[in-house]
Amino acid sequence: MCWRCEDLNRTVLMLGDLCLYAEHPAADQHFTDIVGAGLALSLPVDIAPPGYGLPPLDDGDGEC
């Protein structure tokens, strides 16, 4: 698996864990808002929420 795919998988897993944490009664809402927005910004633009996401990188190596 290429490094971009691995990075995307890690980001999606962290977002899932953040969602689980946010459902906890003692969750820090300010923390979840900040971290969630930061993680959303690192997603590719085609799967990120509207207004978030990075444009796709084309480094010409033909991977991903």
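Keep in mind that the numbers below use all heavy atoms, side chains included, and drop hydrogens, waters and symmetry copies.
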Participant: Quick one: pull up CG in L8 and CG in L13 and give me the separation to the nearest 0.5 Å.
Facilitator: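 Rounded to the nearest 0.5 Å, the CG-CG separation comes out at 9.5 Å.
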Participant: What is the minimum heavy-atom distance between S42 and T11, and which atoms define it?
Facilitator: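 So the minimum-distance heavy-atom pair works out to OG-CG2, 3.5 Å.
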Participant: What residue pairs, at least two apart or across chains, pass salt bridge (Lys or Arg N to Asp or Glu O under 4.0 Å) with a residue in residues 7-20?
Facilitator: D7-R10
Participant: Measure the spacing between CG of L15 and CG of L39 and express it to the nearest 0.5 Å.
Facilitator: 4.5 Å
Participant: Hey, what do you get for CD1 (I34) to CD (Q29), rounding to the nearest 0.5 Å?
Facilitator: 10.5 Å
Participant: To check you understand the geometry: which heavy-atom pair defines the closest contact between A22 and T32, and what is its length?
Facilitator: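 Scanning both residues completely, I find the closest heavy atoms to be CB-CG2, 4.0 Å.
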Participant: Any side-chain to backbone donor/acceptor pair from Y21 onto D28? Under 3.5 Å, distance only.
Facilitator: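 Confirmed, Y21 side chain pairs with D28 backbone.
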